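Here is the structure we will look at, set down as structure tokens.
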Protein chains: 2
Amino acid sequence: MEKQVVGVPEPTLRRLPLYYHYLKAVFEKGREHISCTHIGRDLDLDPVQIRKDLSFTGIRGLPKVGYQIEALLGAIEEFFGYNRVDEAFLVGVGNLGRALLGYEGFSRYGFKIVAAFDQNPDLVGSEIHQISVLPIEKFADLCRRMQIKIGVITVPEQQAQKVADIMVESGIKGIWNFAPVALKVPEEVVVENEIIASGLAVLTKKIQTSLRFNSKKQEVAK
Amino acid sequence: MEKQVVGVPEPTLRRLPLYYHYLKAVFEKGREHISCTHIGRDLDLDPVQIRKDLSFTGIRGLPKVGYQIEALLGAIEEFFGYNRVDEAFLVGVGNLGRALLGYEGFSRYGFKIVAAFDQNPDLVGSEIHQISVLPIEKFADLCRRMQIKIGVITVPEQQAQKVADIMVESGIKGIWNFAPVALKVPEEVVVENEIIASGLAVLTKKIQTSLRFNSKKQEVAK
DNA sequence: TAGATTGTTAATCGATTAACAATC
DNA sequence: TAGATTGTTAATCGATTAACAATC
């Protein structure tokens with residue numbers, strides 16, 4: 001039912017960070033220009049697709065030369081707002097929550113978790129990776145006062161909807177949901193589901209097919 | 001370049017675990033049958049799409065009655081092998097690695113991380129969530145002896161390719177990669193990328209567009 | 001029976017891929 | 001200049017959505 005309103009296709013949106021990492025590494029090695037052919041060889045993607053993707057950055061390449069890497073990096077940073085900082089609240093200080101609290105990589109993406117919430121009194125009051133764990137009751141008030149717009153949900157699935165309700169009620173505009181449930185939120189609130197089980201399902205299925213396929217090839221080869 | 005060999009479209013593959021969780025919850029509440037209309041309302045998906053997705057399980061529904069939930073659950077379990085156990089090795093005991101080692105949910109998906117590896121001598125020899133951390137040098141030998149087919153990569157991006165090489169060399173057939181790099185592996189080895197930056201990028205972009213869109217709506221309303 | 005709901009076939013939509021002219 | 005590489009337009013492909021007959 002969900003409609004993508006962004007002018008950039010979601011698959012492209014997902015590939016852009018990958019280009020970014022790649023280009024950054026290449027740039028740091030001292031390279032200044034790069035062609036789609038070259039990128040495609042390293043990233044195992046179709047050069048035409050890369051050209052299409054990169055066109056959304058607004059940066060034009062030069063025939064025979066390729067793209068200026070620095071310009072691309074700047075454009076992608078600008079596009080995603082990697083040089084601004086989006087502050088977020090996280091709810092659910094379990095294993096996954098902790099991992100996200102400790103993930104230094106977020107600063108590269110202009111993303112910062114500034115407080116964590118949990119209902120477990122043993123956790124409340126503690127600090128994890130220099131981020132305070134507060135009681136969930138404080139969420140709404142703090143959220144409004146700090147004007148936080150992004151919420152991260154890392155609670156067990158049974159509690160996810162309840163947490164989402166609190167977030168919506170507190171003015172959160174975007175939810176990054178790690179619980180395997182479809183959250184019910186008003187349409188103006190954006191939800192991005194990060195469902196670990198989906199990735200795992202795809203992986204195991206691919207392995208099954210790949211093994212079958214390769215054993216067949218062997219049989220044929222006999 | 002990658003070709004999907006599975007007979008089931010990847011989007012469907014990704015939605016099936018979500019149906020599974022939902023159906024399980026509904027079944028535990030005592031319900032025995034369910035229609036696509038009903039599922040669609042709860043999961044905010046198109047009923048026709050759900051029907052299409054569920055058709056891949058081989059379970060047929062009855063007009064006016066819907067699907068037998070228990071049969072669907074069984075079929076999805078069978079389909080993904082949730083009742084077998086796939087053993088895996090994890091490399092990289094940082095924050096994310098730890099979180100995965102401690103994630104109890106995996107047992108539901110027939111997935112089990114049986115050993116962890118790291119190059120940090122301070123970690124080697126310790127146990128994290130009852131899983132031993134071993135030196136990376138032991139990977140190849142143990143992997144072959146235990147016939148492990150799945151590897152999880154949670155090392156920093158600079159080391160990911162090196163780890164992937166070790167995995168391939170050791171007979172790993174599927175890699176679940178959490179580092180934001182495109183791994184180079186032989187074509188018979190399957191890689192599933194779980195790129196956190198991509199999800200985040202999609203979320204922040206959606207929020208931007210959504211905010212713009214909603215403020216426009218307000219303007220129009222004036 | 002009447003109507004909810006299924007499964008299937010056809011139409012639409014969007015992303016990827018192919019073809020090709022433009023140009024550094 | 002010749003050729004690598006770009007950007008664009010058209011063709012293909014695959015998934016989603018719409019239409020509808022079948023049926024419990």
Side-chain angles (χ1 to χ4, degrees), chain A residues 1-16 18-19 23 26 31-69 71-72 75 182 193 198 201-202 205-206 209, chain B residues 1-16 18-19 23 26 31-69 71-72 75 182 193 198 201-202 205-206 209:
Chain A
M1 300 267 189
E2 180 187 325
K3 262 271 123 56
Q4 183 66 22
V5 216
V6 187
V8 182
E10 188 166 318
T12 298
L13 233 38
R14 292 193 173 272
R15 282 188 296 266
L16 280 171
L18 215 58
Y19 297 140
L23 292 170
V26 173
R31 220 194 153 85
E32 298 199 349
H33 293 268
I34 197 158
S35 73
C36 292
T37 328
H38 192 133
I39 302 178
R41 216 178 307 129
D42 285 348
L43 256 39
D44 199 27
L45 288 169
D46 187 65
V48 181
Q49 180 163 81
I50 298 173
R51 216 167 290 136
K52 191 83 174 259
D53 287 342
L54 294 184
S55 73
F56 289 103
T57 64
I59 302 297
R60 317 300 307 266
L62 287 180
K64 190 118 161 86
V65 179
Y67 299 80
Q68 201 201 335
I69 300 177
L72 280 179
N193 294 304
S198 294
V202 174
K205 261 299 157 193
K206 278 190 192 161
T209 354
Chain B
M1 300 267 187
E2 180 189 325
K3 261 273 121 59
Q4 183 66 22
V5 217
V6 186
V8 182
E10 188 167 317
T12 298
L13 233 38
R14 292 192 173 271
R15 282 188 295 267
L16 280 172
L18 215 58
Y19 298 140
L23 292 170
V26 173
R31 220 194 154 86
E32 298 200 349
H33 293 267
I34 198 160
S35 74
C36 292
T37 327
H38 192 135
I39 302 178
R41 217 178 306 130
D42 286 348
L43 257 40
D44 198 27
L45 287 169
D46 187 66
V48 180
Q49 179 165 80
I50 298 174
R51 216 167 289 138
K52 191 83 174 258
D53 287 341
L54 294 184
S55 74
F56 289 103
T57 65
I59 302 297
R60 318 300 308 263
L62 287 180
K64 190 119 162 82
V65 179
Y67 299 80
Q68 202 202 334
I69 300 177
L72 280 179
N193 295 304
S198 295
V202 174
K205 261 298 156 193
K206 278 189 191 162
T209 354

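In what follows, chains are A, B, ... by sequence order, proteins preceding strands, each numbered from 1. As the structure is a prediction and not an experimental result, all values here were calculated from the model. The basis for the numbers below is simple: all heavy atoms, side chains too, and nothing from hydrogens, waters or symmetry mates.
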Compare every heavy atom of [Y] with every heavy atom of [X], then report the nearest pair and how far apart it is.
X        : Y        : result
A/Phe56  : A/Gly7   : CE2-O, 4.0 Å
B/Lys205 : B/Thr209 : O-OG1, 2.5 Å
A/Tyr19  : A/Leu54  : CD1-CD2, 4.1 Å

Return the value, rounded to whole Å, for the distance between atom [atom1] of [X] and atom [atom2] of [N].
X       : N      : atom1 : atom2 : result
B/Asp44 : D/dT17 : CG    : P     : 11 Å
B/Phe56 : D/dG14 : CZ    : C1'   : 11 Å
B/Leu13 : D/dG14 : CG    : C1'   : 15 Å
B/Lys52 : C/dT12 : NZ    : C1'   : 13 Å
A/Asp46 : C/dA15 : CG    : C1'   : 12 Å
B/Gln49 : C/dC13 : CD    : C1'   : 13 Å

Each nucleotide in nucleotides 2-7 of chain C should get exactly one letter: B, S or -. Can you fill that in based on protein heavy atoms under 4.0 Å?
-B-BBB
[atom2] on [Y] to [atom1] on [X], rounded to 0.5 Å:
X       : Y       : atom1 : atom2 : value
B/Ile39 : B/Tyr67 : CD1   : OH    : 7.5 Å
A/Leu45 : A/Arg51 : CG    : CZ    : 13.0 Å
B/Ile50 : B/Ser35 : CD1   : OG    : 9.0 Å

Could you write out DNA chain D as a dot-bracket string, with dots for unpaired bases, | for bases paired across to another strand, and Watson-Crick or G-U pairs counted at under 3.5 Å?
..||||||||||||||||||||||
